Amino acid sequence: MTHHNLCVLGSTGSIGENTLDVVRRHPKRFSIVSLSAHSRVDKMLEQCIEFTPKTVVMGSNKAADSLKEKLRERGINDIAVLYGPQALCDIAAANDADTVMAAIVGSSGLMPTMSAVNAGKRVLLANKEALVTSGQLFIDAVKASGAKLLPIDSEHNAIFQCLPELEQKRPGECALEDNGISKILLTGSGGPFRTMAAELLHTVSPDQACAHPNWDMGRKISVDSATMMNKGLEFIEAKWLFNVEPKQIQVVLHPQSTIHSMVQYKDGSVLAQMGNPDMRTPIAHALAYPERIDAGVEPLDFFNTKPFEFEAVDFERYPNLKLAIDACSMGQGACTALNAANEIAVEAFLAERIRFTDIFKINESSVNYFVSEQVSSIDDVIALDAKARAFASEQLISLEAEK
Ligand code: NDP
Ligand code: MG
């Protein structure tokens, strides 16, 4: 049994809490050395009491002071409480952790995840936005440092599990054709609005968009699942993780979310990874890899599952998915700008400032505007991310007036 010391970035989120639930089941196997949250002080306080990390990072001085005070009241004085982006990068690279769970949401996760990569950690990648925004630069950094990349996103974890073992060891450099693989089949449920009349989509509320039929997730990724931008980000993520061309990736709608993705081989075999839709499965897989551990997930009951269905994607219903697939072929400028615009648009939708269907309008105009931007360093990524956010924020003012 291999023991791992963990840093969990974004420990108070949906992936973070699921990670700690798996860790809780295996106290001899995993130790928590550092945790991070943005503003949820009380949840972090509970995690500090249960998991006794050495260091915790919060999003602001105020949140850090509030946590320190609450820890002091409980007589806990041996946890260092820091705050801010540099402290996140520091805990991700610190010597005391060998494994980093990258589960901050959005492009705020880029620098801490890169920091873990540059320090050569085992990096459990949930924060797909980091890979989408930096693509080749991220993969180059993995190769240069010898970091071990393990996908947490359920689809990519499923694909990873269906690959030959040798290819699992070299993300970003896989040679799928040499291994007789013809295609990656990326499954998606279609989200909560798959069967809703298309002309009603502009009326849906944030709570309706966040009510995913199969998965319980944070609000940003839940909206992305409803627009299928999430599948678009995953398409780009798959290109980089598995070193494939866009034409080798096919999106398949599978409303039950029991099959989490598939790999098609040249001889006609299709390997699928299945299970109940519970993120603790990919999390436990990556935490213990290459060993297997109990994740607390109910085994799949084949006599009580709904019949499996498969459908082609209707891109008119999901224009954001088409836009992301196109961006994947256009280049890094388009992908970085799309991710940034989408974060702004989703935040505005969640705040009820724009309509659900306006998300696409903002995303499309941002891709068109920034498509020829060159991105050749992480500084370029950060600069373009900021420019695309500013551009998208301007776009949404006129849409807000129309709402
Ligand atoms: P949540 O919104 O549930 O959690 C986000 C975490 O990041 C929280 O700990 C939050 O802290 C912290 N955070 C938020 N904003 C910032 C910021 N600006 N700086 C630093 N930390 C911040 O998200 P999820 O857990 O759903 O998703 C996390 C990542 O995993 C995303 O990239 C998502 O795409 C990916 N993912 C998630 C899946 C899921 O099932 N949820 C499935 C596959 C991938 P606080 O709690 O204090 O706000
Ligand atoms: Mg996913």
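Keep in mind it's a predicted model, so treat the numbers as computed, not measured. All heavy atoms count here, side chains included; hydrogens, waters and symmetry mates do not. In listed order, ligands and their atoms are each counted from 1.
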[X], any N or O under 3.5 Å of ligand 1 N or O:
X: M279; value: no
X: E129; value: yes
X: S14; value: yes
X: G218; value: yes

Checklist entry - Of the backbone atoms (N, CA, C, O) and the side-chain heavy atoms from C-beta on, which set of K220 has a member under 4.0 Å from an atom of ligand 1: side chain, backbone, both, or neither? => result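 Under 4.0 Å from ligand 1, K220 contributes no heavy atoms.
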Next on the checklist: Applying a heavy-atom cut-off of 4.0 Å, say which part of R40 lies close to ligand 1: side chain, backbone, both or neither.
Outcome noted: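 Within the 4.0 Å criterion, R40 contacts ligand 1 through backbone and side-chain atoms alike.
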Winner among [options] once heavy atoms are compared against [atom]:
atom: atom 4 (O) of ligand 1; options: S39, G13, S11; answer: G13
atom: atom 2 (O) of ligand 1; options: D224, V105, D42, L88; answer: V105
atom: atom 15 (N) of ligand 1; options: M217, H38, M58; answer: H38
atom: atom 29 (C) of ligand 1; options: I221, L233, I104; answer: I104

Below 4.0 angstrom, N of the basic side chain to O of the carboxylate: do [X] and [Y] qualify?
X: K70; Y: D42; answer: yes
X: K54; Y: D96; answer: yes
X: E50; Y: R24; answer: yes
X: E364; Y: K361; answer: no
X: E347; Y: K220; answer: no

Within the 3.5 Å criterion, strictly below it, is a donor on [X] or [Y] matched to an acceptor on the partner's side chain?
X: E167; Y: N179; answer: yes
X: S107; Y: E129; answer: no
X: E291; Y: T2; answer: yes
X: H38; Y: T12; answer: no
X: K128; Y: N230; answer: yes
X: Q273; Y: H260; answer: yes

Item to check | Element-labelled atoms of ligand 1 that are located less than 4.0 Å from some non-hydrogen atom of A126 | outcome: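 Those of ligand 1 that fall under 4.0 Å from A126 are 30 (O), 32 (O), 35 (C), 36 (N), 44 (C).
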Checklist entry - Just which atoms of ligand 1 are under 4.0 Å from any heavy atom in N127? => result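 It comes down to these atoms of ligand 1: 32 (O).
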Item to check | Plane angle bin for F308 and H254 - parallel if under 30°, tilted between 30 and 60°, otherwise perpendicular | outcome: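 The arrangement is perpendicular - the two ring planes meet at more than 60°.
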Next on the checklist: As a test of understanding, state which of I104, V57, I15, N127 forms a side chain to side chain contact (heavy atoms under 4.5 Å, CB included) with L9.
Outcome noted: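 In the set I104, V57, I15, N127, the residue that makes a side chain to side chain contact (heavy atoms under 4.5 Å, CB included) with L9 is I104.
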Note the single closest protein heavy atom to [atom], along with its residue, its atom name and the distance in Å.
atom: atom 25 (O) of ligand 1; answer: I15 N, 2.9 Å
atom: atom 18 (N) of ligand 1; answer: S108 OG, 3.1 Å
atom: atom 28 (C) of ligand 1; answer: A103 O, 3.4 Å
atom: atom 43 (C) of ligand 1; answer: D153 OD1, 3.1 Å
atom: atom 45 (P) of ligand 1; answer: T12 OG1, 3.4 Å
atom: atom 34 (O) of ligand 1; answer: K128 CE, 3.2 Å

Restricting to N/O/S, name the atom of [X] that gets closest to the Mg ion (ligand 2).
X: E155; value: OE1
X: D153; value: OD1
X: E234; value: OE2

